[in-house]
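In what follows, a structure is listed as structure tokens, so that the remarks can point back to it.
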Amino acid sequence: MADHVLIEHIALYEGYEVTLQGWVYQKTGKGKLQFIRLRDGSGIIQCVVFRPNLNNDDLFNEVKALGQESSVRVTGKVKKEDRAPGTPGGYELDVSQIEIIQAAHEYPITPKEHGIEFLFDNRHLHLRSKQQWAVLRIRATIKRAMQEWLDNNGYINMDTPIITPSAAEGTSNLFEVGYYDETAYLAQTGQLYNEANIFAFGRVYCFGPTFRAEKSKTRRHLSEFWMIEPEIAFCDLDQLMDIEEQFVSYIVQMVLTHRAPELAVLERDTAALENVQPQFPRISYDEAIERLQALQAAETDPERAEMLKIEWGDDFGSPHETALTQQFDKPVFVYGYPTAIKAFYMEPWPGRPEICKSVDLLAPEGYGEVCGGSERMSDPDKLIDAIKAHDLPLENYDWYVDLRKYGSVPHSGFGMGLERTVAWICGIQHVRQTIAFPRTVSRMRP
RNA sequence: UCCUCGGUAGCUCAAUGGCAGAGCAUGCGGCUGUUAACCGCAGGGCUGUUGGUUCGAGUCCAACCCGAGGAGCCA
């Protein structure tokens, strides 16, 4: 038998004596009987220390005095016990030996309530808390599922540069960095580079951190966030939506299969997630505006009615996205946005130049946009006109235009924000909890 | 950048303009089934900063700093 076992595998060891190593997550006691909830990173289990069983009164007194987050190694017999709390739970360790590695005192994060500011000042410790543990384990599974699906479907993983000379979509929200004698910017997207990559590899994706210097203070924004960006040659807008819905469904189903205990810790309603299977509803921007205007007309609360006000040509605000997604029990595609409110590189709609072949995927339950994508412009002359119309420096895009000169094909791609996806699947309110060390407009430490 | 709310013990919060309080955490003592245990005792304060009004300011006024929620922008 291994020298120690993981708590997540504890059910396999019922009736056996095992050694666990970890940290005191919580402790209660009743005289000669002490209950330690031990965490080891894989789960939490209750360890029962009964003085006569330990047969060492000095050691027992030290155990009684152990503070939260003390590190220990415990040995004992695994017992099935319905009263035992924990994750997975239902088992406890009847302790016969305990080795105190370090007795910790005055751990600042107690089992009682704390404020946001305090918790994020102590984020390096906050990560040990059960909810954060569950969220970040689910995040790791989501990342894995994303890459697994793409790797299994013929996509090549490419790494795109983080230091870039110019913007893909507007310059106001870029982080500037010095680059020898020049000014460079932290990447907002790898998309333009992936458009070059598909002509070499057919289907590619990049996955890494991206940076937006938006002064946004909302539950949906981070200054540094992770985005996965697939790009596909010989792919039109309809095919892109087919890909997105398979991709998103796969991710959600993998989390349901592999992270049930973590979803339970978060008290996530899994029925809503089980429903995330193809097909997703697809509505045009025109139809979305009509639906929103109908909702607005029916709204009795004047304040909410004012917030829902929208005209053709406007971009959706978060109240609009929320109202729209509440009409469906699955993620919903909205396609064909006005060209004026989208980035320069999107293919115009045939016969309707005022709209473009763009599509956003809106998550249900008010979580908003999780994927943004489009069919890319494939004609070099129209692309040059679009770059000029957006006042972007043509000399920075010469290579990008070049891609349309040598075997241009219809191609499409999308970006999916990891943190928003994690927030949605976990059912939590704020994206700052979905990454270990969030960077926001008001926080860079720890 | 704008709107709203907040800043008091390590933490979460109380305190009609009139003695600075509680719970948790910490320390000591008690308890054989605890689940954010419980019981007893103890220590713990530049009330965000600066100025003003007042006999008297945690409380009222002004400016500033910090944070939260929302808007805009976005994934």
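By convention in this document, chain letters (A, B, ...) are assigned in the order of the sequence lines, proteins followed by strands, and residues within each chain are numbered from 1. Every heavy atom of this structure was used, including side-chain atoms; hydrogens, water molecules and symmetry mates were not.
Counting only distance, with no hydrogens or angles, the side chain of Ser129(A) and the backbone of Gln132(A) share no donor-acceptor pair below 3.5 Å.
Residues Tyr345(A) and Gln191(A) have side chains that bring a donor and an acceptor to within less than 3.5 angstrom of each other. Side-chain N/O atoms of Arg73(A) and Thr75(A) include no donor and acceptor closer than 3.5 Å.
Nearer the 5' end of RNA chain B, as judged by each residue's closest nucleotide, is the contact made by Phe50(A), out of Met307(A) and Phe50(A). Place Leu33(A) and Leu66(A) on RNA chain B by their nearest nucleotides, and Leu66(A) ends up nearer the 5' end.
Taking atom P in both U26(B) and G58(B), the straight-line distance is 31 Å, to the nearest Å.
Each of G33(B), A75(B), A71(B) was ranked by its minimum atom distance to the side chain of Met227(A); first place goes to A75(B). Of all nucleotides listed (G27(B), A37(B), A75(B)), A37(B) comes nearest to the side chain of Gln26(A). Among the nucleotides A36(B), A75(B), A68(B), the one closest to the side chain of Leu222(A) is A75(B). Distance from the side chain of Phe118(A) is smallest to G10(B) among G27(B), G10(B), U26(B). Comparing A75(B), C31(B), A36(B) by their nearest atom to the side chain of Lys30(A) picks out C31(B). Each of A75(B), A36(B), U12(B) was ranked by its minimum atom distance to the side chain of Pro111(A); first place goes to A36(B). With distances taken from any side-chain atom of Arg220(A) to the nucleotides A75(B), U1(B), C74(B), the minimum falls on C74(B). Of the listed nucleotides (G70(B), G67(B), A75(B)), A75(B) has the atom at the smallest distance from the side chain of Glu214(A). Minimum atom distance to the side chain of His221(A) is reached by C74(B), of the listed U34(B), A25(B), C74(B).
Look at Phe225(A) and the base of A75(B); the rings stack, centres closer than 5.5 Å and planes less than 30° apart.
Base contact: Pro85(A) has a heavy atom under 4.0 Å from a base atom. Using a 4.0 Å heavy-atom criterion, one finds that Glu92(A) contacts the bases of the nucleic acid, with or without backbone contacts as well. Using a 4.0 Å heavy-atom criterion, one finds that Lys309(A) contacts no nucleic acid atom at all. Nucleic acid contact for Gly115(A): sugar-phosphate only, since backbone atoms but no base atoms lie under 4.0 Å from a heavy atom of the residue.
A centroid separation of 6.0 Å or more is found between the aromatic rings of Phe207(A) and Tyr155(A).
A cation-pi contact, defined as under 6.0 Å to the ring centre and within 45° of the axis, links Arg432(A) to Phe120(A).
Within residues 413-439 of chain A, the residues having any heavy atom closer than 4.0 Å to RNA chain B are, in order of number, Arg420(A), His430(A), Arg432(A). Listed by residue number, the members of residues 313-341 of chain A with any heavy atom below 4.0 angstrom from RNA chain B are Asp315(A), Gly317(A), Ser318(A), Pro319(A).
Neither OP1 nor OP2 of C66(B) sits under 4.0 Å from any side-chain N or O of Ser442(A).
Contact annotation: side chain of Lys217(A) to base of A71(B), donor-acceptor pair absent below 3.5 Å. With hydrogens and angles ignored, no donor-acceptor pair under 3.5 angstrom links the side chain of Gln46(A) to the base of U35(B). Side-chain N/O atoms of Ser216(A) and base N/O atoms of C73(B) include a donor-acceptor pair closer than 3.5 Å.
Ring-plane geometry between Trp312(A) and Tyr285(A) is classed as perpendicular, the angle between the planes exceeding 60 degrees on a 0 to 90 degree scale with a lower cut at 30.
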### Pair pattern of RNA chain B in dot-bracket, where unpaired bases get dots and | marks partners in another strand, Watson-Crick or G-U under 3.5 angstrom
(((((((..((((....[..)))).(((((.......))))).....(((((..]....))))))))))))....

